[in-house]
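Pasting in a structure now, in structure tokens, and then I'll have a few things to ask.
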Amino acid sequence: MIKLELKNLTKTFERRVIFRNVNLDWEAPGLFGVAGPNGSGKSTLVKVITGLISPSSGDVKLSVGGKTYHPATAIDHFGFAAPYLVLYDEFTAKENLELSMKIRGLQLDEKYMDELLEHFSLIKRKNDLVRAYSSGMKQRLKIIFAFIHNPALVILDEPTANLDAEGKEKVYLLARKVAKEKIVIFATNEEEELRMCKEVVKILDHKPAERAA
Amino acid sequence: MLKRALWLFNKDLTSELRTRYAINALAMFIVVTISVILFAIGEEKISTALAAGLLWVVIFFSAMSGLSRAFVSEEERGTNIILQLIASPTVVLTGKLFYNLILVFAMNMVILVLYSALFDSFVLKNVFIFFFSFVLGNSGLAFASTIIASIIAKANSKGTLYPVLSFPILLPLLLMLVEITKRCADGVAFEEISPEFFALISYNVVMATASYMLFDFIWKE
């Protein structure tokens, strides 16, 4: 059983309220969405869920197999990709993925890594330095980075930024496949992506309103 | 935890060998500083006490030029988000500490060898005690500069903030090290400098404890 719970989650920067009292209860399997206009706080919300920033108040809980984790203790259960995520460009794609697994203290499944690289058409370039990659290739690698450790919850902030039609389709295919067992969250404004979601939370006027897609 | 930290250290070391962010800056700084001191002294015969003091001045300013890179380069390139996603704050701090320890030992060994070769007045009569205080001094320098680097990495004016924050924190360490080095040059027995020696150990313990207690708050936005 995988479950994500947000309780009265609020984030303010000084006096500015980014979002207020966000309540969610999402259970696997499923693909879920966070939507809202530019500057509404989508990225801030996903950063709070992953523990990159702390909430001003409220609580984030991730339950995996009967155990409950908070963002600080759930590092290995989260997968995250975003356009503002920067990979080590002095390392190759393979080295980036290997290092991320080793620093997490997990065993790298080389077969799974090659499958993901093959899926995103990066297998022939896996030994090239990331600095030689185009922005679209870097985005594909970031998506692989989010899935490589087989996490219970994958959060993709603007998952198809910098991607062409083929790249987008590959992200959707993988997300839908993983979402059959786990939780995948899209933080996006793309209607096509929101239509795939089982449930979408919209952040408007700093007050979230839930709706079923 | 240790294994994860060692992989992080391995990442930093490989990255440094490929990008030469800190090594080049450190090498240049060491060569330039020692050359300037040599030119300034000229034919003058300087005292052992002054030579001991100058050694730690070179070490302090060299440390200022290179040791902040561990965190600053991650922050400047934006790779700090990746680290936050894959490692706990304790793993990050331990990995960065290992890296700065190696860097500070390598840097100070080079400085010591060059200094001993180029300055006739720098002669140590008690090498054994100097060696232990040198090791403790290096680790104290690494502990202090690592936690300061993590603080200033988040600031806008990193360049100026690093020496400003480091000076009051490193001053007690440097004063003890200068004193011990002077005494070692005079060839005093361990009993005479044991208070400074134990103060050095205490400094290391305090810096290590404070670093691990504070780092969680510094690392997370």
Side-chain angles (χ1 to χ4, degrees), chain A residues 11 13 18 43-44 46-56 69-92 95-108 129-131 138 141-142 145-149 151 153-155 157, chain B residues 1-25 69-99 150 153-154 156 212-221:
Chain A
K11 182 67 190 175
F13 284 119
I18 308 299
S43 294
T44 309
V46 295
K47 281 182 184 174
V48 170
I49 296 173
T50 52
L52 286 172
I53 53 177
S54 310
S56 302
Y69 303 90
H70 291 277
T73 55
I75 288 174
D76 299 339
H77 298 291
F78 284 120
F80 182 72
Y84 47 85
L85 193 74
V86 181
L87 296 161
Y88 291 98
D89 62 6
E90 69 275 27
F91 290 106
T92 66
E95 285 171 336
N96 263 289
L97 297 171
E98 275 175 348
L99 276 170
S100 77
M101 290 298 281
K102 283 170 176 169
I103 295 172
R104 278 188 174 110
L106 303 173
Q107 192 69 38
L108 176 70
L129 292 179
V130 171
R131 73 164 60 107
K138 282 181 186 169
L141 186 58
K142 287 176 204 174
F145 168 81
F147 286 93
I148 189 74
H149 56 299
L153 168 65
V154 180
I155 301 176
D157 191 1
Chain B
M1 196 281 284
L2 198 64
K3 206 172 168 188
R4 290 173 172 211
L6 283 171
W7 277 114
L8 182 60
F9 160 73
N10 180 49
K11 187 274 295 172
D12 279 347
L13 195 65
T14 313
S15 174
E16 180 56 46
L17 294 172
R18 288 183 189 179
T19 60
R20 312 271 166 113
Y21 263 108
I23 291 175
N24 286 349
R69 302 305 307 177
F71 281 103
V72 172
S73 71
E74 302 271 7
E75 201 75 34
E76 281 178 351
R77 295 190 296 162
T79 47
N80 56 322
I81 299 177
I82 289 253
L83 272 190
Q84 288 179 353
L85 288 169
I86 62 177
S88 67
T90 313
V91 170
V92 174
L93 179 64
T94 312
K96 297 287 180 190
L97 255 176
F98 285 150
Y99 172 72
S150 72
K154 307 268 180 197
N156 290 328
Y212 279 96
M213 283 172 73
L214 291 174
F215 190 69
D216 270 22
F217 303 101
I218 299 165
W219 184 235
K220 294 281 170 178
E221 207 174 299

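Note that these values count all heavy atoms, side chains included, but never hydrogens, waters or copies made by symmetry. The chains referred to below are lettered A, B, ... by the order of the sequence lines, with proteins before strands, and numbering in each begins at 1.
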Chain A: which of B:Glu74, B:Met1, B:Lys3 shares the most heavy-atom pairs with it under 4.5 Å?
B:Glu74

If I compare all heavy atoms of A:Phe91 with all of B:Thr14, which pair ends up nearest, and what's the gap?
CE2-CG2, 3.7 Å

Applying a strict 4.5 Å limit to non-hydrogen atoms, the region of A:Asn96 in contact with chain B is neither

Going from CE on A:Met101 to CH2 on B:Trp7, what distance comes out if it is rounded to the nearest 0.5 angstrom?
12.5 Å

Mind checking ring-ring contact (aromatic ring centres under 6.0 Å, His included) for A:His149 and listing every partner two or more places apart, or none if nothing turns up?
none

Residues which pass salt bridge (charged side-chain N to carboxylate O under 4.0 Å, His left out) with B:Arg18, listed by chain and number, not counting sequence neighbours:
A:Glu95

Heavy-atom count check: over 12 atoms from other residues, nucleotides or ligands less than 6.0 Å from B:Arg20 CZ?
no

Checking side-chain contact (heavy atoms from CB on, under 4.5 Å) against B:Gln84, which of A:Leu52, A:Ile75, A:Ile53 comes through?
A:Leu52

Ranking A:Leu106, A:Thr73, A:Thr50, A:Leu85 by heavy-atom pairs under 4.5 Å to chain B gives rank one to A:Leu85

Please rank B:Leu8, B:Asn10, B:Asn80, B:Leu85 by heavy-atom pairs under 4.5 Å with chain A and give me the top one.
B:Leu85

With chain A, which of B:Thr79, B:Ile81, B:Leu83 has the greatest number of heavy-atom pairs at distances under 4.5 Å?
B:Thr79

Would you say that B:Arg77 contacts A:Tyr88 through its side chain, given a criterion of any heavy-atom pair below 4.5 Å between the two side chains?
yes

d(B:Ser15 OG, A:Asp89 CG) to nearest 0.5 Å is 9.0 Å

Cut-off 4.5 Å, heavy atoms of chain B, and the answer for A:Phe145 is side chain

Could you tell me the separation between the CD atom of A:Glu90 and the CD atom of B:Glu16, rounded to the nearest 0.5 Å?
10.0 Å

